[in-house]
Structure formats: C-alpha cells, structure tokens
Protein chains: 2
Amino acid sequence: MIISKSCIYAIQAAIFVAAESKQGYVPINIIADRLNISFHFLTKVLQDFTHSGLMISYRGPRGGVALAKPADEITLHNLVEAIDGTDIFTECMLGLPGCGTAEPCPTHEHWIEVRQRFTVLAQQLTLKDMATKSSLMHVRLANGVKHHNQLA
Amino acid sequence: MIISKSCIYAIQAAIFVAAESKQGYVPINIIADRLNISFHFLTKVLQDFTHSGLMISYRGPRGGVALAKPADEITLHNLVEAIDGTDIFTECMLGLPGCGTAEPCPTHEHWIEVRQRFTVLAQQLTLKDMATKSSLMHVRLANGVKHHNQLA
DNA sequence: GCGTTTTAAGAATCTTTTATCTGAATTTTG
DNA sequence: CAAAATTCAGATAAAAGATTCTTAAAACGC
C-alpha cells in the first residue's frame with residue numbers, strides 16, 4: 001500500500017473535520033462512529049495531528065478536535081507527513097540508501113519522475129478540495145461500508 | 001514503502017541473474033552472497049518467480065535459477081506482479097473498496113493520473129534495461145553496503 | 001548405490017503494524 | 001462541589017510481514 005492504514009484513517013478523519021468544522025470542536029467519538037473506525041485507535045492517530053500543529057484539541061464537554069488552520073492551507077502532503085513521515089516523497093523505489101543522481105539504481109531516473117508527480121499532487125491538493133469532494137465517500141461510509149475485505 | 005522488501009530483493013536478484021545469465025543456471029547462494037541477502041529467504045522469494053513462469057530452476061550440481069524468457073521480454077510490472085500482486089497498479093490511494101469513476105474518493109482523479117504513470121513505467125522498463133544500468137548498484141552491493149539501516 | 005550440491009517446502013521466530021483496553025487528567029455544566 | 005464529557009498516556013493483544021531454521025527432494029559424479 002502507498003500509505004499506511006493509520007494514515008488513511010487520519011486523512012478520512014481530517015476530511016470529516018474539515019466538512020463539519022463550522023460547529024467548533026468535533027468530538028472524536030462522533031468521527032469514529034461515522035467513519036467506522038475504532039474510537040481509541042483514532043484518538044491515538046489524531047494525536048499525531050495535534051502534535052504536529054495541524055489540529056488543536058480541547059478536553060471536557062463540547063471538546064474534541066478542530067483544524068488549526070483554514071482547510072485550504074492544509075495539504076495532503078502535510079497530512080501524510082504528520083502520520084507516515086516523508087519517506088514516500090523521498091525514497092528510492094528499491095530502498096537503496098545512497099541512491100541519487102550520483103549513484104542511481106537501475107530504476108532511478110524513471111521512478112523519480114513518478115515520485116515527483118506524486119509529490120506535486122500531494123502539495124497542491126488541499127483539505128478544502130478534498131472536503132468538497134467527499135460527499136460520496138461519506139454516504140458510503142455512513143451506510144456501513146467498512147474498509148477493505150468487507151465487500152461480501 | 002511502495003513495494004515490499006521481498007519484492008525489492010527479488011528485483012535485485014532478477015537483475016543479477018539477467019546480467020550473469022550467459023553461464024546457464026545461477027546458484028541462489030551466489031546471488032545471496034553478492035547481494036547480501038539471506039540465502040533461505042531469497043530461495044523462498046525466488047520460488048514465486050518460478051511458479052509464475054518468469055524463471056526456471058534446476059536442482060543439483062550446476063543447478064540454480066535462470067530467466068525463462070529473454071530479459072527484454074520481462075518487465076518490471078511482471079516482477080512486481082509475481083511477488084506483490086497487482087494491488088499497487090489498481091488500488092485507490094485511500095484503499096476504499098468501491099472507489100472508481102462512478103463513486104470517486106476525494107483523491108481519485110488526482111491519484112489515478114500518478115498511478116497510471118507508474119503502471120506505464122513498470123510496463124515499459126524491462127529487465128534488460130535495468131541489467132545494463134546495474135553496474136553501480138552491483139559495485140556498491142559488492143562493497144558490503146547492506147540494505148537500509150546499515151549506513152553507520 | 002553413496003555422498004555432495006542444490007532447490008523445495010514448511011515450521012518457527014522475530015519485528016512491525018494495527019487495534020483494543022484501562023486508567024488517568026482536564027474542563028464544562030448544573 | 002459533584003457529575004459528565006472528552007482527550008491523554010501507557011499497557012497489552014492480535015495480525016501481518018520479514019527472516020531464519022530444519023528437513024526433504026532432486027540431480028550429478030564417483
């Protein structure tokens with residue numbers, strides 16, 4: 001998989017928060033319910049967002065999480081970096097440590113072109129863009145479609 | 001990581017075999033030695049290549065593995081498919097089961113463009129291409145540079 | 001046939017990722 | 001001040017992936 005499952009959950013949650021964020025803080029149990037993710041697991045994952053300054057959290061009644069910045073100032077790149085790190089955007093396809101223009105691996109020149117496209121995509125696609133396109137995803141999640149292996 | 005570690009080892013081994021294959025079968029212990037990979041592990045991984053018809057194997061003295069086809073008829077796509085399957089080339093970035101043009105996820109239209117580039121790359125890059133570009137990789141591996149975390 | 005070389009196959013171990021649970025700590029509400 | 005809502009932190013369990021180990025099977029040379 002391109003990005004980790006934790007990261008997928010985190011991105012979906014961020015889209016959800018961006019779509020609902022007019023009402024102040026969004027409680028994590030609400031997000032977990034609507035997205036069919038374990039509450040405790042999501043709590044842990046979202047802490048990476050608060051630690052990296054993409055979200056802010058508030059305890060107690062009417063607490064929850066909220067975006068720390070406007071949705072159009074948070075990119076997919078920011079989200080992935082906070083959860084999975086930047087390896088995906090910098091790594092050699094074969095994982096060779098010193099691979100670069102000086103000592104390219106056999107796939108180097110072909111791979112960096114694809115990787116560069118992916119990086120640009122991630123830097124240009126904002127949370128706002130994704131939130132406005134998320135209607136269909138939400139409908140499906142709300143209808144009980146869980147992740148993966150649950151097609152049957 | 002884009003592709004699994006098993007797949008990375010397998011690709012490196014395939015490049016090695018392609019470069020040496022004039023001498024009939026190449027013993028797996030030789031490949032494992034030169035590439036700093038565990039012999040037993042490599043044995044298991046290369047079985048996926050023989051099972052999928054990309055390589056042929058032969059037991060006993062002067063045995064080993066060899067390409068089943070000319071190196072310019074084996075693509076990177078073939079190699080990845082044999083080890084990791086085709087998920088990488090077909091999957092939605094967020095791993096949503098029904099994601100497609102009918103019900104796109106928020107990243108769908110952006111992601112498929114990158115994914116398509118990657119697929120074309122993998123289908124056009126042949127083992128022959130990689131073997132001719134592999135000199136530097138082999139030098140580094142022969143000098144004892146192991147994979148990952150062994151930089152110090 | 002016997003010993004050596006080599007792949008084949010599967011079990012066992014270790015590591016990482018994913019997921020759950022429990023007990024706090026914090027803040028608002030009444 | 002007490003009760004409820006909510007995040008925070010850490011321990012633990014389950015699952016998946018990576019690696020190693022052990023034994024078998026095949027081929028060859030003598």
Side-chain angles (χ1 to χ4, degrees), chain A residues 1-13 17 23-33 35-52 54-68 83-85 87-88 94-95 146-150, chain B residues 1-13 17 23-33 35-52 54-68 83-85 87-88 94-95 146-150:
Chain A
M1 217 176 307
I2 290 293
I3 55 183
S4 75
K5 225 165 179 180
S6 303
C7 193
I8 289 173
Y9 292 150
I11 292 170
Q12 293 183 354
V17 171
Q23 302 110 7
Y25 294 97
V26 182
I28 297 182
N29 59 10
I30 300 293
I31 310 174
D33 265 17
L35 265 48
N36 276 307
I37 306 172
S38 151
F39 164 72
H40 289 100
F41 188 51
L42 185 58
T43 293
K44 206 174 166 185
V45 171
L46 288 185
Q47 279 180 21
D48 287 340
F49 281 159
T50 61
H51 291 161
S52 62
L54 294 175
M55 287 187 177
I56 50 180
S57 66
Y58 208 76
R59 293 198 250 200
R62 308 191 59 81
V65 293
L67 301 182
I83 307 292
D84 281 351
D87 281 1
I88 289 290
L94 298 184
K146 279 199 180 172
H147 307 93
H148 277 95
N149 337 1
Q150 210 216 358
Chain B
M1 214 175 310
I2 290 293
I3 55 183
S4 74
K5 227 164 179 179
S6 303
C7 194
I8 289 172
Y9 292 148
I11 291 171
Q12 293 182 353
V17 171
Q23 303 110 5
Y25 293 98
V26 183
I28 297 181
N29 59 9
I30 300 294
I31 310 173
D33 266 18
L35 265 49
N36 276 307
I37 306 172
S38 151
F39 164 71
H40 293 289
F41 188 49
L42 186 57
T43 294
K44 202 176 166 187
V45 171
L46 288 184
Q47 280 178 26
D48 287 340
F49 282 159
T50 61
H51 290 161
S52 61
L54 293 175
M55 287 188 177
I56 50 180
S57 66
Y58 208 77
R59 293 198 247 203
R62 309 192 58 78
V65 292
L67 301 181
I83 306 293
D84 281 353
D87 281 1
I88 289 291
L94 298 184
K146 279 199 181 175
H147 306 93
H148 277 95
N149 338 1
Q150 208 217 357

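Every chain is numbered from 1 and lettered A, B, ... according to where its sequence line falls, protein lines coming before strand lines. Atoms considered below: every heavy atom in the structure, side chains included; atoms not considered: hydrogens, waters and symmetry mates.
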Ranking D/dT7, D/dA18, D/dT19 by distance to the side chain of A/Ile28, first place goes to D/dT7

In whole angstroms, the gap separating C1' of D/dT19 from NE2 of B/His40 amounts to 11 Å

Give a yes or no on whether the backbone of A/Ile3 and the side-chain of A/Asp84 come within a donor-acceptor separation of less than 3.5 Å. no

Hey, what's the ring geometry for B/Tyr9 with B/Phe41, parallel, tilted or perpendicular (30° and 60° as the breaks)? perpendicular

Tell me which nucleotide among D/dA18, D/dT7, D/dC8 gets nearest to the side chain of A/Phe39. D/dT7

Sorted by position of nearest nucleotide on DNA chain D, 5' first, the leading residue of A/Ser57 and B/Ser38 is A/Ser57

How many whole angstroms separate atom CD of B/Gln47 from atom C1' of D/dA24? 12 Å

Looking at B/Tyr9, does any N or O in its side chain come under 4.0 Å of the phosphate oxygens OP1/OP2 on D/dA18? no

Reading DNA chain C 5' to 3', which nucleotide is the first, and which the last, to come under 4.0 Å of any heavy atom in chain A? C/dT18 to C/dT29

Take the protein atom CZ of A/Phe41 and the nucleotide atom P of D/dA15, then report the distance between them rounded to whole Å. 14 Å

Rounded to the nearest angstrom, tell me the gap between atom CG in A/Asp33 and atom P in D/dA5. 14 Å

For a quick test of reading the model: is some side-chain N or O of B/Lys5 closer than 4.0 Å to OP1 or OP2 of D/dT19? yes

Can you tell me how far P of D/dT7 sits from NE2 of A/His51, to the nearest Å? 13 Å

Expressed in angstrom and rounded to an integer, what is the separation of B/Leu42 atom CG from D/dT20 atom P? 11 Å

How close or far is atom P of D/dT6 from atom CZ of A/Arg62, stated in whole angstroms? 9 Å

Using a 4.0 Å heavy-atom cut-off across all strands, classify B/Pro27 as base, sugar-phosphate, or nothing. sugar-phosphate

Measure CZ/A/Phe49 against C1'/D/dC8 and give the value in whole Å, please. 17 Å

D/dA5 phosphate, OP1 or OP2: any side-chain N/O from A/Asn29 under 4.0 angstrom? no

